[in-house]
Amino acid sequence: MVDEGELRRRWEKTVEMLSREGVIKTEPVRHAFLKYPRYLFVEKRYWSYAHVDEPLPIPAGQTISAPHMVAIMLELAELKPGMNVLEIGTGSGWNAALIAELVKADVYTVERIPELVEFARRNLEKAGVENVHVFLGDGTKGFPPKAPYDRIIVTAGAPKIPEPLVEQLKPGGRLIIPVGSYHLWQDLYVVEKKGDGRIRKRRWGGVAFVPLIGEHGWKE
Ligand code: SAM
């Protein structure tokens, strides 16, 4: 078993590589990555792979995203302290921990699989993250109790942009979401809600996520 010092050194190299390649662009994202290494959010048997820039398995047949993918979405979100952020697809809780570090405020995250709600809560507690609130539910409906949001980040692939998520954005708010096919590729979209309520969509490029399953997503 690799010791924690070695896991941390490997992780620092990954962060260095992502910074050198221009994937991590800003100091706050780099700082958040260094504060919460990915190995803290995977099962022990995957610890020694946590620094590798690829997705890894988490319970219930789901995945924790590749570090470069998480960095790209966080940079596109341009998170600032004090923002009200909703994440859809908690998975391991890693991305939510990074968001919380960037906004320095409470973060709400919704997961549809009960086993993963527990997994994420355990990981977050072990990592010492106190301001992430994990809820069980269908995130395609958003999370009305804490709306409207400055940012909504969806970490599963949707067939189309779920209307409730657009409704729950503040004017000037931004939704980051992969949209495309069930099994293969999606396009990552940055959806901006203008002051007058109109929507502007920007396509970032091709990505591959597990499906977003729910009332306004794929059917089970
Ligand atoms: N953000 C996660 C992390 O940091 O580990 C990785 C997310 S994983 C790629 C996608 C997650 O979305 C899975 O855990 C899956 O169960 C969840 N999911 C799929 N459809 C959902 C829905 N309608 N509502 C909430 N979560 C959903």
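Counting from 1, the numbers follow the sequence of the chain as shown. All ligand and atom numbering here is 1-based and tracks the order in the structure.
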_R112 vs E220, side-chain contact (heavy atoms from CB on, under 4.5 Å): CA-CA, chis, key distance, verdict_ = CA-CA 12 Å; R112 66 180 282 273; E220 249 178 296; 3.1 Å; yes
*Quick check: are there more than 12 heavy atoms from other residues, nucleotides or ligands sitting under 6.0 Å from NZ of K146?*
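No, because the 6.0 Å sphere around NZ of K146 holds 12 heavy atoms or fewer from other groups.
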*With distance as the sole criterion, is a donor-acceptor pair present between the side chains of H31 and E101 under 3.5 Å?*
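Yes.
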*Salt-bridge test for E125 and R122: reply yes if a basic N is under 4.0 Å from a carboxylate O, no otherwise.*
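No, E125 and R122 are not salt-bridged.
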For ligand 1, run through the N/O pairs with the protein that fall under 3.5 Å and put one pair on each line.
unit_1, atom_1, unit_2, atom_2, d
ligand 1, 1 (N), E87, OE2, 3.0
ligand 1, 1 (N), G89, O, 2.9
ligand 1, 1 (N), T155, OG1, 3.2
ligand 1, 4 (O), N95, N, 3.0
ligand 1, 5 (O), S92, N, 3.0
ligand 1, 5 (O), S92, OG, 2.6
ligand 1, 14 (O), E111, OE1, 2.7
ligand 1, 14 (O), E111, OE2, 3.4
ligand 1, 16 (O), E111, OE2, 2.6
ligand 1, 20 (N), I213, N, 3.0
ligand 1, 23 (N), D138, OD1, 3.0
ligand 1, 23 (N), I213, O, 2.6
ligand 1, 24 (N), G139, N, 2.8
ligand 1, 26 (N), R112, N, 3.4

*By salt bridge (Lys or Arg N to Asp or Glu O under 4.0 Å) - contacts of E130 (at least two apart)*: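 Listed in chain order: nothing, the list is empty.
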*Under 30°, 30 to 60°, or over 60°: which ring-plane class applies to F33 and W11, parallel, tilted or perpendicular?*
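Judged by the thresholds at 30° and 60°, the geometry between F33 and W11 is parallel.
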